[in-house]
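Labels below follow one simple rule: chain letters A, B, ... track the order of the sequence lines, proteins then strands, and each chain is numbered from 1. Small disclaimer: the values here were computed from a predicted structure and weren't measured.
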Number of protein chains: 2
Amino acid sequence: MGDVAKMAGVSPATVARVLYEPEKVGEARRAKVQAALDATGYKPNVVARGLRTSRSWKIGLIIVDGRLNPYFVNLSQAIRLEAMAQGYTVLTFQYGSVNEPVADSVAQLIQHRVDAVIFAYALRPEDIAPLQAANIPVVQVEQEAVGGTDVVICGPQAGISDAVAHLVALGHRRIAFMGGDPAAYLRPRVSGQTMEEERLSAFRAAVAQHGADADHSLEVLGRYFSTTGEDPAKEGRVMMQKILDMPAPPTAILASSDMLVAGILQVLSARGLRVPQDFSVIGFDDSIAPLLAPAVSSIGRPLGDVAKAAIACVMGAIDDSPHRPLRHVFPTELRLRDSTAPLAGAARPLSAAKA
Amino acid sequence: MGDVAKMAGVSPATVARVLYEPEKVGEARRAKVQAALDATGYKPNVVARGLRTSRSWKIGLIIVDGRLNPYFVNLSQAIRLEAMAQGYTVLTFQYGSVNEPVADSVAQLIQHRVDAVIFAYALRPEDIAPLQAANIPVVQVEQEAVGGTDVVICGPQAGISDAVAHLVALGHRRIAFMGGDPAAYLRPRVSGQTMEEERLSAFRAAVAQHGADADHSLEVLGRYFSTTGEDPAKEGRVMMQKILDMPAPPTAILASSDMLVAGILQVLSARGLRVPQDFSVIGFDDSIAPLLAPAVSSIGRPLGDVAKAAIACVMGAIDDSPHRPLRHVFPTELRLRDSTAPLAGAARPLSAAKA
DNA sequence: CTGAAAGCGCTTACAG
DNA sequence: CTGAAAGCGCTTACAG
């Protein structure tokens, strides 16, 4: 910056003004400075700038490790993209799915003086205490684990209802649900229902509404994905074995994550059951669904909107100090592919669905 | 820091010394300062520290978007983990697979005064010119697109040879190869062969060595994965259609990425061919292989070693200014799962393999 | 062993 | 409209 100032024959202050409030600089000097700027290709040191203005233009992101569930890669990219569009750089820290101590990451983010932290992770109240002490705003995405912060989540109801309706229209009545086990995810109850309760009750409501069999034995609960990464399809495989070994097995399934679907398809294929001819499958997250054979229908989220809302929360929280928590809830939607078909042997399934 | 100094009744300089060279501080004061440190929970502002020492402890990573190919998530995580273990924070920028202008990212990394930049991306010489001008070391991982920088790559030979040997031992003779098309990846020739040439010639050498059919019509070349993200299994599907429509189709295939395998399995399943009974498949990257049905054998890389080497290069380049380019080449390895089986109809395949 | 001082690169009231 | 000066939070020769 000194070089630029010298080259243009002005003070560093004037260079800074040309950079950030050019209208306050006289025409002649402005042109000179601009020329020097172009000639040197000078770019301000954002670190020094951040030190001076106490705005780092960095935000922290604490999120589930994308190797465990590629959905979180999609989410993280969406957030990163929107953050960059708004001029922010993102510092990402990744963790297994639950109960890991994120204190180290939080400490690092504070040391880096990030302007805000986004959690897409099952955090605990004590995890964000240091952030609150340092007056750094927190936004929760995807999960709502503590109260008092901005929240951006997606309601599973629309997607689940459409999925069940779709299966019923194809003639299916015995529809299994593979969901999250509240006992595996000890979530504090922040607002009404936990994510696991919300999805299960959305499923039950859809079953009732669309006329599928209301048989709770078809609900199998566990983890959404492996937390170790070795044998990542295992959770779904184990649960699917159990389901197919039932006395009266279902003809279709709605799983709470695409990772579970990976295991489901492995079991079906190993038992010689074809998808969708012999069994219909719908996933959740719309992550690896298009990569499976056949490509799997899945319930997706509007991640672009989610990311936009999250960054908007971040910027709002940075700007106005007295800030009451915002809450955005986006709908999920069913994205159809090739993993569902009319119930084998069902005569005229569409009319049956109306019966 | 001022607070801590005041609380301990010393100068800020002494606090800094307790933090970074405690042996130079007298016992009594050191204890006092330590007490104040603990009491306040003070953490130094790494931004200010970086400004003063001109060491940001940040490194940039420019890598292929993990949504396009989850392999790059694995690679990026491995690098991030090792970087963090060495005290570095990672700034990641992600791109489609080729020919995108990374200049923006490079400019941002320079503005953030990163200590080094790792490329896992097909960069072009002009992309790193600004970095070299700013005296920021560059390390290339996975790809070697320009000369003169440290390089950490994996040789495909071991994995490919083992894969072909494995298939031949199962009785397969007509083994297809789905590889990268040199025309799709216009790589400058930096050292000997491009990645595409290297893999293809490794395949041919293995075919010759282990006694499979040397039929070049079984080699189909294209892209490793979709660069748009929509219909991510399409590349493999299209190529696999072509392969199965050959007059004398193969009985097994080695694909150059797991993403291609996703499409391969979709085609096989759509045509009613079972894996591995009717067709054997081996992938490359060991990324989504364990998620497919059946779990697919794949050629993997020692990503932990790769990451360690990359960060070692980074640290070496930061420390000694006169630095001659290092070059690390790690071997690939075949990781067996459930996607290969003896050739159907082949009597005693193992002895046949020896014939 | 310790503190006062200078300075990393920038921004911004303040005075003119 | 412009420059000199102070200061963001830290580190480190320098002098004692």
- Query: What pairs with A:E21 under salt bridge (charged side-chain N to carboxylate O under 4.0 Å, His left out), at least two apart in sequence or on another chain?
  - Reply: A:K24

If you look only at distance, which donor and acceptor atoms sit under 3.5 Å apart when one is on a side chain in residues 301-315 of chain B and the other is two or more places apart or in another chain?
unit_1	atom_1	unit_2	atom_2	d
B:R301	NE	B:Y71	OH	3.3
B:R301	NE	B:E142	OE1	3.4
B:R301	NH1	B:Y71	OH	3.4
B:R301	NH1	B:D285	OD1	3.0
B:R301	NH2	B:E142	OE2	3.2
B:R301	NH2	B:D285	OD1	3.4

- If we take the C1' atom in both C:dT12 and C:dG16, what is their distance in whole Å? 16 Å

- Go through the structure and list residues passing salt bridge (charged side-chain N to carboxylate O under 4.0 Å, His left out) with A:R80, not counting sequence neighbours. none

- Sequence neighbours excluded, which residues qualify as side-chain contact (heavy atoms from CB on, under 4.5 Å) partners of B:S54? none

- Query: For A:A16, what residues pass the side-chain contact (heavy atoms from CB on, under 4.5 Å) criterion, not counting sequence neighbours?
  - Reply: A:M1

Donor-acceptor contacts under 3.5 Å from residues 102-120 of chain A side chains, at least two apart:
unit_1	atom_1	unit_2	atom_2	d
A:S105	OG	A:Y95	OH	2.4
A:H112	NE2	B:T89	OG1	3.2
A:R113	NH1	A:I110	O	2.7
A:D115	OD1	A:S56	N	3.0
A:D115	OD1	A:S56	OG	3.3
A:D115	OD2	A:S56	N	3.3
A:D115	OD2	A:W57	N	2.7

Enumerate, atom names and distances included, each donor-acceptor pair closer than 3.5 Å involving a side-chain atom of residues 32-39 of chain B, sequence neighbours excluded.
unit_1	atom_1	unit_2	atom_2	d
B:Q34	NE2	B:D38	OD1	3.4

- Any cation-pi pair here, A:R67 with A:F72, using under 6.0 Å and within 45°? no

- Would you give a per-nucleotide map of nucleotides 8-16 of chain D, 5' to 3', where B means the base has a protein non-hydrogen atom under 4.0 Å away, S means only the sugar-phosphate does, and - means neither? BBBBBB---

- Query: Taking the same atom, P, in C:dA5 and in C:dC1, what whole-Å distance lies between them?
  - Reply: 23 Å

- Query: According to a 3.5 Å limit on both distances, what stems of 3 or more consecutive Watson-Crick or G-U pairs are formed with DNA chain D?
  - Reply: C:1-3 with D:14-16, C:5-12 with D:5-12, C:14-16 with D:1-3

